[in-house]
Amino acid sequence: DLDCFTHDPGFVATASCKSKITYIDGDKGILLYRGYPIEQLAEKCEFTEVAYLLMHGELPNENQLLKFNLEVSDKAIIHESLRKFFDGFHYDAHPMAMLVGVVGSLSAFYHSELNNKDPAQRFISATRMIGKMPTIAAASYRHSVGRPFVYPRMDLGYCENFMNMMFSRSSQNYIDQDHYIDQDFVKALNLLFILHADHEQNASTSTVRLAGSTGANPYACVAAGIAALWGPAHGGANEAVLNMLAEIGTAENVPKYIAKAKDPNDPFRLMGFGHRVYKNFDPRATIIRKTCYEVLKKTQTDDPLFELALAVEEHALKDEYFIEKKLYPNVDFYSGVIYKALNIPVDMFTVMFAIARTAGWVSHWLEMMEDPNKLISRPRQLYVGPAQRDYIPINTR
Ligand code: SDX
């Protein structure tokens, strides 16, 4: 149930809700999923184990995890008619545009799930969404490069299945190096998915909850979340970081861009820095930074981009503006560099974020649907427009 809105006109009411899913302490840099520290989950879990935890509130035992993994794999395949949706997109359509369109159209395939009445059915819808997201995401990429779709496989884990659908590579193709993927890269992807799985009432999750509170079906709610995530101030930041680094070009240019970011008259923001909640290091960025080193060492590319990213980080962390405003690198600052090292194209970075955040979105949707006061009362506004006035005929305007 929501905290009551204040009617004090001087206070812009903000909706708040109670949730048992994720806890963040922005000052201390603490992030807990259902009470478990993100550092422990990142180190010890597979992504689907964390998705189960977010959805059900408890870590699964071996049987529960085996059953959940089978259900997710079983739901990964998409209807052939849905696969044909991609033929309508031009090859240069942004993958996020394809994702938001195709996910929303899942509502046209599962009629019995549109009324959300049965709790058991709701968990099936949520599991279906987690299963299908990587398939639709990979299909968006394959369409954009004009390659045939690779179907999901029941014998591969969640992250490896995705990489196989993207690049038709698996860790079983030892002989054929072009179609082999190193398990360390699969582990890096697993880590990134866990770190991006949920983050309390961020913009896209709040969008899913708001849509869910009207009784809209889960596929429409997740499509709304994807649309909200796309913005560069939110999930689009990882793509924006790479575009920013490409624009900066060399370490010599870093001071110039730091100055631009500090200039109140310049709309330029240092992408990957700052956070609405963390006024300390984003704990996810701390974990990701270490993995960045490991992945880049493994790929043997001393990727100039990562060196440049470190130069930006070093300058910003020493700058008194960033220190005073408590602007630290956030999760998006390093994730883009790792995705690039894994040969994920830049326009797919926010799609990667969406795959992971689907676990959080559906968990919040499930929690919302148990909430007696489903409809999030519309946020009150502070009217600052013109006072009442009379119509003016067009010939006198
Ligand atoms: C995500 O909500 C979530 O949990 C989101 C997320 C998730 O997991 O869902 O964590 C994922 O969205 C991470 C954020 C990714 N976005 C970016 O990296 C884009 C760059 N960041 C900025 O757009 C900004 O930091 C925001 C939008 C993230 C937060 O903006 P706020 O709330 O304005 O930040 P703030 O109040 O701490 O800002 C304090 C000051 C402001 O200046 P003044 O008004 O005091 O003069 O710092 C400035 C801001 O203008 N500022 C920046 C800056 N971020 C804030 N100045 C330069 N560069 C920046 N990046």
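Counting convention: from 1, in listed order, for ligands and their atoms alike.
- When each atom of ligand 1 is checked for a heavy atom of Ala261 under 4.0 Å away, the hits are 56 (N), 57 (C).
- Remark: Lys260 does not engage Asp263 in a salt bridge, criterion side-chain N to carboxylate O under 4.0 Å.
- Residue-ligand proximity, Asn330 to ligand 1, at heavy-atom distances under 4.0 Å covers atoms 14 (C), 15 (C), 17 (C), 18 (O).
- At a 3.5 angstrom cut-off on N or O pairs, Asp332 does not count as close to ligand 1.
- Nearest protein heavy-atom contact of atom 30 (O) of ligand 1 is Arg276 NH2, 3.7 Å.
- Atoms of ligand 1 found under 4.0 Å from any heavy atom of Ala233, numbered from 1 in the order shown, are 12 (O), 14 (C), 15 (C), 16 (N).
- Within the listing of ligand 1, atoms 15 (C), 16 (N), 17 (C), 18 (O) sit less than 4.0 angstrom from a heavy atom of Ala237.
- Close approach of ligand 1 to Lys279 (heavy-atom distance below 4.0 Å) involves ligand atoms 35 (P), 37 (O).
- Backbone and side-chain nitrogen or oxygen atoms of Gly272 are examined, and one is located within less than 3.5 angstrom of a nitrogen or oxygen of ligand 1.
- In terms of polar-atom proximity, defined here as any N/O pair under 3.5 Å, Phe322 makes no such contact with ligand 1.
- Remark: minimum distance from atom 48 (C) of ligand 1 to any protein heavy atom is reached at Tyr321 OH, 3.6 Å.
- In terms of protein heavy atoms, atom 22 (C) of ligand 1 is closest to Phe273 O, 3.9 Å.
- Distances below 4.0 Å separate heavy atoms of Arg284 from the following atoms of ligand 1: 7 (C), 8 (O), 10 (O).
- Checking Tyr33, Tyr23, Tyr278 one by one against His199, the ring pair (Phe, Tyr, Trp, His ring centres under 6.0 Å) holds for a single residue, Tyr278.
- In terms of N/O distances under 3.5 Å, ligand 1 is not approached by Gly235.
- Between Phe268 and ligand 1, not a single N/O pair is under 3.5 Å apart.
- Atom CZ of Arg397 has more than 12 heavy atoms from other residues, nucleotides or ligands within 6.0 Å.
- For ligand 1, the atoms lying closer than 4.0 Å to a non-hydrogen atom of Gly274 are 25 (O), 28 (C).
- The shortest contact between atom 10 (O) of ligand 1 and any protein heavy atom is with His275 NE2, 2.5 Å.
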